[in-house]
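Have a look at the structure below before the remarks.
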Amino acid sequence: MSGDTALNRPRRARELAEATDGRQVDLLVIGLGATGAGVALDAASRGLSAVAVDAHDLAFGTSRWSSKLAHGGLRYLAHGQVGIAHESAAERGILLRRTAPHLVRPSRWLVPLTPDISRGTAAVIGAGFVAGDVLRRVVRTPSGLLPRPGRVGAARARELAPALRHDVRGGITAWDARIEDDARLVIALARTAAGRGARVLTRVRALDVAGDGARVRDELTGTAYDITARAVVNATGVWAGGLVPGVSLRPSRGTHLVLRSETLGGSGVILNAPVPGSVGRFVFSLPQPDGRTYLGLTDEAADGPVPDVPVATDGEIAFLLETFSRVLARPLTRADVVGSYAGLRPLLDAGGSTADISRRHAVLTSPDGVVTVIGGKLTTYRRMAQDAVDAAVRERRLVAGPCRTHDLPLVGAAAPAVLDRLAAPARLVHKYGTEAPSLTADPDLLAPIDGRQLVTRAELAFGVTHEGALDVDDLLDRRTRIGLVPADRAAALPVATEVLVSPGLD
C-alpha cells in the first residue's frame, strides 16, 4: 500500500477542506458503493487525483444488501447471456486469487434431489453446473480453488445439510465463491483508494452536478461547497436517474431473510431449493460465521420513489419460506425469521419482467459530459469501474495510466498461505486479512460485546479509527452486520455508543 489507508473523522475534515478550497481535481466520483469506491481506486491507481463523495456512508445502498456471493454467472448461462457469464467468472477469479482472497472464498453448493425434482430436471441442473465449470476453466480459475461439480448420495446430502427432508435420493454439488461481507468489501475498496491518494468523503451530498464538478453539502454541518473537477462519474446506483437527466431505470427488489443457523441444523453448505417453473433460479441459504444464515432471493419490480432503506414485503417473505421449505424436513415459519433485508438492483429500463432484464452494465455520457455507470452486479464492480474511468479519460481527455486494478490487492489481502499463518482468530482474518492481528493487541477489547454476538469492542473501535464510521448506525449496520437482527442491534447499541465516543484503539 502506498499511503495511509485509515479513514476517520479528523481525516474527513481535513480532506473535505482540501477538496473544496478551489483546486481542480481530475475526477469527482459521486456514490460510494462498490462501483463508486471501485472508480475512486481505479482512478487513483492510474495517477489521477480523485475525490469520492456519498450523501450517506460507505456501502449505504445496494452494495450492502447483496446475496454475499461472487458468483460465476451460472444463471446468465441458463439465459444464454454468455458474455455476462464470462465477465462474472473472470471477475470472480480476480477476487479469489489476487484482489481480496481474505474476503472472497470458495463455498460448496448443494441441490438436494427431492421427489419433486425429476431425473430430467436433475440432469438439466447438473448440466448447468458442468457448463459453469467449463467457464471456470476458460477463465483459468484452478480447480484447487473451485472444485468440479459432482453427485453425492442421500446419506452424504443429509450430512452436509442436516435439516433436509428424509426422502432425498442424493444431491448435486458445485462450488462458487462467497463474499465474507459485501459492506466490508466496499470499505476495503474505499480504504485502498485512500491509500492511493483519493479523498473519500462520506456525509457529503451532491446537490447540482455538471461535467466540470458539483455543488455539494456537508450533511454534518449543512455547509454547501463547490468541488471543481475535470471529469465527473455518477455511480449512485438506483439514484442515478435523479442526479443526471436521461438515465431511465427500472429497479427490482431482492429480498433476503435472516435466520439463526441452528434453525437449519448448522449446515455449512449453501443449500439450494429450485424455484418451481423457472430455469436456473433457486432460493438458497448462505450460512454466516456469526451464527446466522441468510435466505434469498426475490426478483420483484420496485416501482415508485426510491427509499433510502428498502423493506421486504409480506409476499416476498412468504415466497422465500414456502419455496425453501420444499427441501426441508420441518417447514420454516415466520417465527424462524429474526430479521430481513432488501436491496434494489439498478437495472436499465428495457421493459418486460425485471427478472428478464439483462444484468450487463452500461456506461452513459450526458450532453455536458457526466459519465454514469449503471447496472451490473457486485461481482463485476471492478470491470464496471474500469469502463467508467476509461470513458471519463476518453471523454475529458485526461492524462492517465492504464487500468491496474486487476492485479491490485485491497487492504488486508494476502495469499491464503500467508493468511493461514496469521496470529489471529480465523473469523477476524476472514474479515480483516493481514490487519487482523492488530485487532487482538489489546486484551481489554477482545471480549464479545454480548452473549449473542461474536463481534468485539476492538472491531467497533477499528471501525471508528480506521474505517470511517461516524455514528452508531455506521458501526452496527455496515462496519459490522449486527443491525440485520433488530434484537441484536438493541442489545449492542449501548456498547457501540460508548465506543464511538471513546474507541480506545490506537
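Source: prediction; values computed, not measured.
- Between Leu344 and Pro307 the shortest side-chain heavy-atom distance falls below 4.5 Å.
- One distance of note links OG of Ser285 with CG of Leu320; it measures 11.5 Å at 0.5 Å rounding.
- Evaluation of the side chain to side chain donor-acceptor pair (under 3.5 Å) rule for Lys431 yields Glu459 as partners, not counting sequence neighbours.
- A salt bridge between Arg12 and Asp218 is present, with a side-chain N of the basic residue lying under 4.0 Å from a carboxylate O of the acidic one.
- Residues passing the side chain to side chain donor-acceptor pair (under 3.5 Å) test with Thr255 are Glu316, sequence neighbours excluded.
- Every residue two or more places apart in sequence or in another chain was checked for a ring-ring contact (aromatic ring centres under 6.0 Å, His included) with Tyr225, and none qualifies.
- Screening Leu422, Thr456, Leu428 for a side-chain contact (heavy atoms from CB on, under 4.5 Å) with Thr440, the sole residue that qualifies is Leu428.
- Side-chain polar atoms of Ser45 and Arg404 form no donor-acceptor pair below 3.5 angstrom.
- Of all the heavy atoms in Leu446 and Leu439, the pair that sits closest is CD2-O, 3.3 Å.
- Of the possible donor and acceptor atoms, none in the side chain of Asn234 sits under 3.5 Å from a partner among the backbone N and O of Thr372.
- Looking at every heavy atom in both residues, Leu476 comes nearest to Ala496 through CD2-CB, 3.8 Å.
- Listed by first and then second residue, the salt bridge (Lys or Arg N to Asp or Glu O under 4.0 Å) pairs that reach into residues 29-51 are Asp42-Arg46, Arg46-Asp390, sequence neighbours excluded.
- Here His256 pairs with Tyr341 under the ring-ring contact (aromatic ring centres under 6.0 Å, His included) rule; sequence neighbours left out.
- With a 6.0 Å radius and a threshold of 12 heavy atoms from other residues, nucleotides or ligands, Arg334 has its CZ atom above the threshold.
- The main-chain N or O of Val411 is found under 3.5 Å from a side-chain atom of Thr192 such that the two form a donor-acceptor pair.
- Pairs engaging residues 176-224 under the ring-ring contact (aromatic ring centres under 6.0 Å, His included) rule: none recorded [sequence neighbours left out].
- The closest donor-acceptor contact from the side chain of Arg427 to the backbone of Leu454 lies under 3.5 Å.
- Between Val363 and Asp387, the shortest heavy-atom contact is CG2-CB, 3.9 Å.
- The closest donor-acceptor contact from the side chain of Thr221 to the backbone of Thr223 lies under 3.5 Å.
- You'll find the side chain of Thr99 stays beyond 4.5 Å of the side chain of Val104, heavy atoms only.
- Of the charged side-chain nitrogens involved, at least one lies within less than 4.0 Å of a carboxylate oxygen, so that Arg479 and Asp57 count as a salt-bridged pair.
- Val311 has its side chain out of reach of Thr313: every pair of non-hydrogen atoms, C-beta onward, lies at least 4.5 Å apart.
- Closest approach of Val389 to Ala43, counting heavy atoms only: CG2-N, 4.2 Å.
- Put simply, the side chain of Thr365 never gets that close to the backbone of Gly369: no donor and acceptor are under 3.5 Å apart.
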Before giving the answer on side chain to side chain contact (heavy atoms under 4.5 Å, CB included), spell out for Asp450 and Val495 the whole-Å C-alpha distance, their side-chain angles and the decisive distance to 0.1 Å. CA-CA 9 Å; Asp450 64 52; Val495 179; over 6 Å; no
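- Using a 4.5 Å heavy-atom threshold, the side chains of Arg203 and Asp474 count as touching.
- Pro101 is not listed as a side-chain neighbour of Leu96, based on a closest heavy-atom distance of 4.5 Å or more.
- Remark: Thr202 engages no residue in a side chain to side chain donor-acceptor pair (under 3.5 Å) (not counting sequence neighbours).
- Looking only at distances, a side-chain donor or acceptor of Thr480 sits under 3.5 Å from a matching main-chain atom of Leu475.
- Every pair passing ring-ring contact (aromatic ring centres under 6.0 Å, His included) that includes a residue from residues 420-460 is listed here, sequence neighbours excluded: Tyr432-Phe462.
- Considering only heavy atoms from C-beta on, Ile30 comes within 4.5 Å of Val209 through its side chain.
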Give the intermediate values and the outcome of side chain to side chain contact (heavy atoms under 4.5 Å, CB included) for residues Ile449 and Leu460. CA-CA 9 Å; Ile449 60 175; Leu460 296 179; 4.1 Å; yes
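- Ion pairing between a basic and an acidic side chain is recognised when a charged N comes within 4.0 Å of a carboxylate O; Glu467 and Arg184 show such pairing.
- Scored by the side chain to side chain donor-acceptor pair (under 3.5 Å) test, Asp54 finds no partners at all (sequence neighbours excluded).
- A donor and an acceptor atom, one from each side chain of Asp488 and Gln453, are located under 3.5 Å apart.
- Within the structure, every pair that satisfies the salt bridge (Lys or Arg N to Asp or Glu O under 4.0 Å) test and touches residues 225-249, not counting sequence neighbours, is listed here: Asp26-Arg230, Arg215-Asp226.
- Formation of a donor-acceptor pair under 3.5 Å by the Arg481 side chain with backbone atoms of Asp477 is found in this model.
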Run the salt bridge (charged side-chain N to carboxylate O under 4.0 Å, His left out) check on Arg253 and Glu300 step by step: do they pass? CA-CA 5 Å; Arg253 187 174 49 254; Glu300 300 293 333; over 6 Å; no
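- Pairs engaging residues 19-60 under the ring-ring contact (aromatic ring centres under 6.0 Å, His included) rule: His56-Phe60 [sequence neighbours left out].
- Among all heavy-atom pairs drawn from Thr141 and Ala89, the shortest one is OG1-O, 4.4 Å.
- Arg98 places a side-chain N or O within 3.5 Å of a backbone atom of His406 that can act as its donor or acceptor partner.
- Between Glu18 and Arg199 there is a salt bridge, since at least one side-chain N of the basic residue sits less than 4.0 Å from a carboxylate O of the acidic one.
- Counting heavy atoms from C-beta outward, Glu87 and Arg383 have side chains that approach closer than 4.5 Å.
- Here Leu249 contributes atom CG and Leu347 contributes atom CG; the two are 8.0 Å apart, rounded to the nearest 0.5 Å.
- Once rounded to the nearest 0.5 Å, the distance linking CD1 of Ile227 with CG of Asp212 reads 12.5 Å.
- Looking only at distances, no side-chain donor or acceptor of Ser63 sits under 3.5 Å from a matching main-chain atom of Ala59.
- One side chain, Asp182 or Ser66, offers a donor N or O that lies under 3.5 Å from an acceptor on the other.
- Arg92 and Thr379 form no side-chain donor-acceptor contact under 3.5 Å, judged by distance and modelled atom types alone.
- Ala392 and Leu27 get closest at one heavy-atom pair: CB-CD1, 4.2 Å.
- Between Arg178 and Glu180, no side-chain nitrogen of the basic residue sits less than 4.0 Å from a carboxylate oxygen of the acidic one, so the salt-bridge criterion is not met.
- Contact check on Glu91 versus Lys377 returns no salt bridge, with no Lys/Arg side-chain nitrogen under 4.0 Å from an Asp/Glu carboxylate oxygen.
- Formation of a donor-acceptor pair under 3.5 Å by the Ser261 side chain with backbone atoms of Gly291 is found in this model.
- The side-chain heavy atoms of Val338 and Arg260, taken from C-beta on, include a pair separated by under 4.5 Å.
- Note on residues 378-400: no pairs pass ring-ring contact (aromatic ring centres under 6.0 Å, His included), not counting sequence neighbours.
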